[in-house]
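Just so it is clear, the model here is predicted, and its values are computed rather than measured. Order of the sequence lines sets the chain letters (A, B, ...), proteins ahead of strands, with each chain counted from 1.
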Amino acid sequence: MANEKALTTHAESFSEWYNEVVLRAELADYSPVRGCMVIRPYGFRLWELMRDRLDLRFRETGHQNAYFPLFIPQSFLAREAQHVEGFAKEAAIVTHTRLMSVGEGENATLVPDPASKLEEPLIVRPTSETIIYEMFSKWVQSYRDLPLLYNQWANVVRWEMRTRLFLRTTEFLWQEGHTAHVSEAEAEEETLRMLGVYREFMEGWLAMPVVTGRKSESEKFAGALRTYTCEAMMQDNKALQNGTSHNLGQNFAKQFALKFASEAGTEEYAWNTSWGVSTRMVGGLVMTHGDDKGLVLPPKIAPIQVVIVPIFRKPQEGVEVLSKAQELSAALAAAGVRAHVDARDNLTPGAKYYEWELKGVPLRLEVGPKDIAKQQVVLVSRVQAEGEERKQFLPEAEALATMGRRLDDYQALLLERARARRDANTYRGVDSYDRFREILDGAGGFVYTGWCGSAECEAKVKDDVKATLRCLPFEEFRSPEAPATCIVCGQPSTAEAIWAKAY
RNA sequence: CGGGGCGUAGCGUAGCCCGGUAGCGCGCCUGCUUUGGGAGCAGGAGGUCCCCGGUUCGAAUCCGGGCGCCCCGACCA
């Protein structure tokens with residue numbers, strides 16, 4: 001309603017389209033702090049719904065929530081060598097604890113009080129492995145104390161050079177799971193279990209198909225033994241790393257003295273895992289399903305699943321129509337459907353349609369005097385399945401009784417569409433480097449090839465086409481016939497790899 | 001940090017080249033009429049023209065310097 005200018009289309013500029021949708025749908029806004037965004041109520045509700053579902057799944061898989069400090073002593077970060085290297089260049093550092101005024105009148109300003117300088121700087125957490133494993137080491141003595149299965153919902157800060165709403169912000173919200181186990185096998189099992197929880201959530205709730213697999217050495221988490229990932233394809237054919245799960249081995253346990261007495265009586269270092277998903281998923285959701293009219297939300301995660309728009313001419317009709325709308329809304333709510341009556345009287349129905357379409361509400365019910373007379377409602381779906389009528393005139397009782405099923409169908413339709421799009425932009429059996437470059441320099445997509453395992457070949461691809469090795473896919477995603485040679489150097493392939501340009 | 005673009009009312013913009021009362025659309029407020037795809041009419045409110053300095057009788061406009069934002073790269077969830 002605030003802006004009648006047409007959205008920039010996907011075809012004109014995908015990134016401008018993305019920004020406009022996020023802003024106009026009121027998911028988020030730029031803040032006075034560079035690189036930081038404000039998540040507005042509609043966007044935050046999306047995050048809350050994601051959080052609720054994941055939190056339930058974490059609990060069901062045996063995890064407990066806890067909370068660790070925002071600040072990490074600088075020395076902690078320094079202990080694990082790769083970890084430092086990974087995060088040192090994007091740290092927010094607290095060095096003082098007081099401000100003081102200097103100057104007079106117009107020139108007066110605040111500066112850090114030198115007397116308040118901290119002996120050891122504190123780092124605003126970019127991730128919490130160090131401080132969590134430091135605490136774990138206090139709590140674990142025996143194998144009987146393991147496993148520790150923790151999760152925290154938190155904000156973290158990474159001072160990125162270039163930010164984008166939801167996809168990469170200086171501060172972002174996430175969850176980070178941290179666990180400690182008696183054996184590598186148990187840690188590996190946990191790492192893969194949580195990757196599975198992510199995948200099931202992304203596909204089942206976000207309707208976002210993902211490829212799962214292992215990261216290469218150069219792409220893995222700083223300090224991990226192995227990193228596993230869920231990679232999704234956005235509508236511009238770029239990859240979005242949507243969630244990762246790390247087997248940290250004993251790297252952190254050794255630096256933070258996370259030891260225990262084993263059943264055999266020997267002293268052992270624990271095996272850790274960590275795994276996380278962030279508000280980036282909101283951006284992924286936008287770029288997976290959105291179209292030139294705006295957001296398209298999967299019902300399971302839509303703050304409003306059904307919006308009811310009352311239509312009337314005369315005031316006495318209004319009373320009747322509004323009460324019918326409320327009645328429908330209550331009946332839907334009782335059936336577990338998130339319904340909303342748009343009772344605003346300063347907007348015409350048409351204006352409301354545009355707004356709710358922009359905001360991605362899956363289904364819309366229109367109710368007017370004619371409908372009440374016929375005991376019917378008008379149902380309009382934000383996106384149509386093949387051959388489906390845009391507007392359907394349904395008996396009221398039928399509409400109510402079938403709404404849950406319709407939402408499920410809609411959810412399934414979005415997943416199916418996204419999967420079909422991904423598959424259509426997936427390339428296998430590419431065996432010449434020229435063809436490989438042609439695809440990645442052109443329309444883009446996921447390209448499956450052989451890979452010799454060398455970082456040099458990865459670096460060359462990055463240099464040549466700015467694409468990265470997204471993952472070494474798990475078996476179910478691999479090509480029926482394993483590629484024999486590395487796409488870059490032609491040496492024998494050691495693993496099939498997926499390449500793509502990424503966010 | 002390199003390349004490009006842009007800062008004028010809540011939003012989108014015109015005016016800038018060629019200095020002279022800051023304009024338009026949307027939104028907002030009031031009233032009446034309206035409401036099945038972005039309502040109409042009438043009245044009204046709302047501006048440090050990004051900031052600092054310079055030139056000038058006079059600067060949104062010209063000159064110098066700064067800051068901010070967006071896009072494309074390098075870095076990353």
- Query: Rounded to whole angstroms, how far apart are CG on A:Asn242 and P on B:C76?
  - Reply: 19 Å
- Message: Measuring only the P atom in each nucleotide, how far is B:G10 from B:U48? A whole number of Å is fine.
- Response: 7 Å
- Ion pair A:Lys215/A:Glu231, N-O distance below 4.0 Å: yes
- Any donor-acceptor pair under 3.5 Å joining the side chain of A:Glu357 to the base of B:G38? no
- Query: Reckon A:Thr8 touches a base, only the sugar-phosphate, or nothing at all at heavy-atom distances under 4.0 Å?
  - Reply: nothing
- Item | A:Phe172 or A:Arg364, whichever maps to the more 5' nucleotide of RNA chain B | A:Arg364
- Item | Pair A:Glu355 + A:Arg344: basic N to acidic O under 4.0 Å | yes
- Can you tell me which stems RNA chain B forms when a stem means 3 or more consecutive Watson-Crick or G-U pairs under 3.5 Å? B:1-7 with B:67-73, B:10-13 with B:23-26, B:28-33 with B:39-44, B:50-54 with B:62-66
- Geometric class of the A:Phe256/A:Phe252 ring pair [parallel <30°, tilted 30-60°, perpendicular >60°]: parallel
- Would you say the side chains of A:Glu458 and A:Ser216 form a donor-acceptor pair under 3.5 Å? yes
- Message: By the 4.0 Å heavy-atom rule, please label A:Leu240 as base, sugar-phosphate, or nothing.
- Response: nothing
- Message: Counting the atoms with a prime plus P, OP1 and OP2 as sugar-phosphate, which does A:Glu160 contact under 4.0 Å by heavy atoms, base, sugar-phosphate, or nothing?
- Response: base
- Item | Interatomic distance at C1', B:G15 relative to B:C75, whole Å | 41 Å
- Task: With C1' as the reference atom in both, quote the distance from B:G66 to B:G27 in angstrom, rounded to an integer.
- Result: 33 Å
- Do the side-chain N and O atoms of A:Thr273 and A:Thr179 include a donor-acceptor pair separated by under 3.5 angstrom? yes
- Message: Do A:Ser274 and A:His178 pair up side chain to side chain, a donor and an acceptor below 3.5 Å, judged on atom types alone?
- Response: no
- A:Tyr353 OH to B:U35 P, straight-line distance once rounded to whole Å: 13 Å
- Taking NZ, NE, NH1 and NH2 as the nitrogens, is one of them in A:Asp464 or A:Lys460 under 4.0 Å from a carboxylate oxygen of the other? yes
- Query: Given B:C76, is OP1 or OP2 found less than 4.0 Å from the side-chain N or O atoms of A:Arg168?
  - Reply: no
- Item | Protein-to-nucleotide contact annotation, 5' to 3' order, nucleotides 68-74 of chain B [B base; S sugar-phosphate only; - none; under 4.0 Å, heavy atom] | SSSSBBB
- Please state how far atom CZ in A:Phe312 lies from atom P in B:U34, giving the value in whole angstrom units. 12 Å
- Item | Ring geometry between A:Tyr228 and A:Phe474 (parallel below 30°, tilted from 30 to 60°, perpendicular above 60°) | tilted
- To the nearest angstrom, how far is A:Glu366 atom CD from B:U35 atom P? 15 Å
- Message: Please give the distance between the C1' atoms of B:A22 and B:U13 as a whole number of Å.
- Response: 13 Å
- Can you check whether A:Phe136 and A:Tyr133 have ring centres sitting under 6.0 Å from each other? yes
- Tell me: CZ of A:Phe393 to C1' of B:G36, nearest whole Å? 9 Å
- Message: For A:Phe201 together with A:Tyr198, are the ring centres under 6.0 Å from each other?
- Response: no
- Query: What interatomic distance, in whole Å, is found between C1' of B:C26 and the corresponding atom of B:C16?
  - Reply: 24 Å
- Whole-Å distance between B:C76 C1' and A:Lys89 NZ? 10 Å
- Task: With RNA chain B as reference, determine whether A:Tyr503 or A:Tyr354 sits nearer its 5' end, using the nearest nucleotide of each.
- Result: A:Tyr354
- Query: If you measure from the P atom in B:U21 to the same atom in B:U61, how many Å do you get, rounded?
  - Reply: 13 Å
- Could you give the CG-to-C1' distance, from A:Asp345 to B:U33, as a whole number of Å? 14 Å
- Query: With rounding to whole Å, what would you report as the distance between B:G25 and B:A59 at their C1' atoms?
  - Reply: 27 Å
- Task: Take the protein atom CZ of A:Arg24 and the nucleotide atom P of B:G10, then report the distance between them rounded to whole Å.
- Result: 18 Å
- Message: At a heavy-atom distance below 4.0 Å, what parts of residues 369-380 of chain A sit against RNA chain B?
- Response: A:Pro369, A:Lys370, A:Asp371, A:Val378
- Item | Mutual orientation of the aromatic rings belonging to A:Tyr150 and A:Phe68 [parallel < 30°, tilted 30-60°, perpendicular > 60°] | tilted
- Message: For A:Arg382, is there an ion pair with A:Asp291 - N to carboxylate O distance below 4.0 angstrom?
- Response: yes
- Run the salt-bridge test on A:Lys324 and A:Glu327 with the 4.0 Å N-O cut-off and return the result as yes or no. yes
- Between B:G3 and B:A74 - C1' atom distance, rounded Å: 12 Å
